[in-house]
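By convention in this document, chain letters (A, B, ...) are assigned in the order of the sequence lines, proteins followed by strands, and residues within each chain are numbered from 1.
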Number of protein chains: 2
Amino acid sequence: MNFTVAEENYIKAIWHLQRYNNDVTTNLLAGQLNTRPASVTDMLKKLKTKKLVHYEKYHGFSLTSEGKKIALGIIRRHRLWEFFLAEKLHFDWDEVHDIAEDLEHVSSKKLIDKLDEYLGFPKVDPHGDPIPDNQGKMETSSAIGLHELELNKTAEVSGVGNQSSELLELLKHKNIRIGTKLEVKKRFEFDQSLEIKIRNLPAFTISEQLAKNLLVKYGK
Amino acid sequence: MNFTVAEENYIKAIWHLQRYNNDVTTNLLAGQLNTRPASVTDMLKKLKTKKLVHYEKYHGFSLTSEGKKIALGIIRRHRLWEFFLAEKLHFDWDEVHDIAEDLEHVSSKKLIDKLDEYLGFPKVDPHGDPIPDNQGKMETSSAIGLHELELNKTAEVSGVGNQSSELLELLKHKNIRIGTKLEVKKRFEFDQSLEIKIRNLPAFTISEQLAKNLLVKYGK
DNA sequence: AATTAAATTTAGACAAATCTAAAAATTAAT
DNA sequence: ATTAATTTTTAGATTTGTCTAAATTTAATT
């Protein structure tokens, strides 16, 4: 089966929302896709006839297992292109997302498998998100939010909570990237801000909001 | 300005047809695009309002200089991706065209310029067609059809007349590719077929039609 | 030059994806 | 348990790109 760009964007958005929300709603999806709730309803009907979502009107929706499979294919394409853009074309990590949004809809299976091989079967994209293999399987991350890291334990940044250019710009400014090793030295109760330290550089403070969007793994 | 995939396909098709036909007609373009003459008329009106074609109804059409500029941008993207697919991902030359048809519509200028640099600013694609640079300029080829090559003069294959998988399959079977050196030993008047020789291999015969679709340059 | 043939354009319809405004269903609140 | 607020869906329109069938224009032929 073949899908339109619009269909793929809906499938992908539902998949992403399902990850962090117990139930995905019409309004939420409309917000995510910059469209209107009425348009979402229309598309849900269409995706239902294609057996990509379970959907009962007024009672929510979710991806079928077939829908999830399609979603993982799109995400695989997206993240492989992101890796290519960063690694081979030397794009900054805050530039790759938008271009990959377009490239991900080129759906030749052979192209993507050869690209994967050419890139050396990478396991994570430039934001630390895992890349599904050609069977749709991917690493499950043991990462936690920086806000839940214990004090004075070294951890390594392994991902970010989202790909907004705002977040990535801030991280670039603070010199934090995937692989950066750091420790939390102090937690301020007033606003839940954290004082962190990177190597032997002067300690500095980051907001609770930023901390929640920084994924880290324990271990030197 | 930004263009839809449909618009880009029309612009590109007109550009290609203009190269080999004095005047491009509605029917010809419809045939090329696998669509109906009525659809072509509709699109021509649209492209006229965007100043990409000169068009007076019942009296033909052609690309404006702006239209040509857009066309060269699309062709640049197409041929760079073809080069990438063949050179980096090791696709056969008869597989690259269809995939590049999709990739060419991803229109980030920065992406294409960085891709160009990454590939080492190639001058021709895997079929021997010249790749426009980021100013839209490209090599003008001195190639001639194999059917007009003088007898017993060595020449080198530099391109093919079209990218149909049928032609490319035939060439693969006959072991002819870009860079192959050959000579025409004899021309048969009856059907204009040619006997050709490649290196020290046994001579063999090719049809007039194939000869016309093989572009060669003189010189060892 | 009149008629026939071919090419092109118009008119009207349709599918995809979207929208606004109104109606219906669900959920929350008094 | 009604009423009010929110969410979701329907109804009807719009845009893009396409189609068929009919009408028009141009070109070819006798």
message: For A:Arg79, is there an ion pair with A:Asp116 - N to carboxylate O distance below 4.0 angstrom?
response: no

task: Considering only NZ, NE, NH1 and NH2 on the basic side and carboxylate oxygens on the acidic side, decide whether B:Asp94 and B:Arg177 come within less than 4.0 Å.
output: no

Non-neighbouring partners of [X] that pass side chain to side chain contact (heavy atoms under 4.5 Å, CB included), sequence neighbours left out:
{"X": "A:Leu72", "answer": "A:Trp15, A:Pro132, A:Met138"}
{"X": "A:Leu151", "answer": "A:Val184, A:Arg187"}
{"X": "A:Asn22", "answer": "none"}
{"X": "B:Lys110", "answer": "A:Phe91, A:Glu95, B:Ser108, B:Lys114"}

- request: Residues of residues 17-33 of chain A with any non-hydrogen atom less than 4.0 angstrom from an atom of DNA chain C: list those, numerically ordered, please.
  value: none

- prompt: With sugar-phosphate meaning primed atoms plus P, OP1 and OP2, does B:Phe61 contact a base, only sugar-phosphate, or nothing at under 4.0 Å between heavy atoms?
  reply: nothing

statement: Sorted by chain and residue number, the ring pair (Phe, Tyr, Trp, His ring centres under 6.0 Å) partners of B:Phe61 (sequence neighbours excluded) come out as none

message: Please enumerate all residues that pass salt bridge (Lys or Arg N to Asp or Glu O under 4.0 Å) together with B:Glu101, with sequence neighbours excluded.
response: B:Lys12

- request: Kindly write out the residues that satisfy salt bridge (Lys or Arg N to Asp or Glu O under 4.0 Å) with B:Glu82, not counting sequence neighbours, or none if the list is empty.
  value: none

Has [X] got a side-chain N or O lying under 4.0 Å from the OP1 or OP2 atom of [N]?
{"X": "A:Thr41", "N": "D:dT10", "result": "no"}
{"X": "A:Thr35", "N": "C:dC19", "result": "yes"}
{"X": "A:Lys45", "N": "D:dT9", "result": "no"}
{"X": "A:Ser39", "N": "C:dT18", "result": "no"}

Which whole-number value in Å describes the distance from [X] [atom1] to [N] [atom2]?
{"X": "A:Tyr10", "N": "C:dA16", "atom1": "OH", "atom2": "P", "result": "14 Å"}
{"X": "A:Met43", "N": "D:dT9", "atom1": "CE", "atom2": "C1'", "result": "16 Å"}
{"X": "A:Glu7", "N": "C:dT18", "atom1": "CD", "atom2": "P", "result": "10 Å"}
{"X": "A:Lys50", "N": "C:dA16", "atom1": "NZ", "atom2": "C1'", "result": "10 Å"}
{"X": "B:Leu47", "N": "D:dT16", "atom1": "CG", "atom2": "P", "result": "13 Å"}
{"X": "A:Asn34", "N": "C:dT18", "atom1": "CG", "atom2": "P", "result": "11 Å"}
{"X": "B:Leu44", "N": "C:dT8", "atom1": "CG", "atom2": "P", "result": "10 Å"}

field: Per-nucleotide protein contact string for nucleotides 21-26 of chain C (B base, S sugar-phosphate only, - none; heavy atom under 4.0 Å)
entry: ---BSS

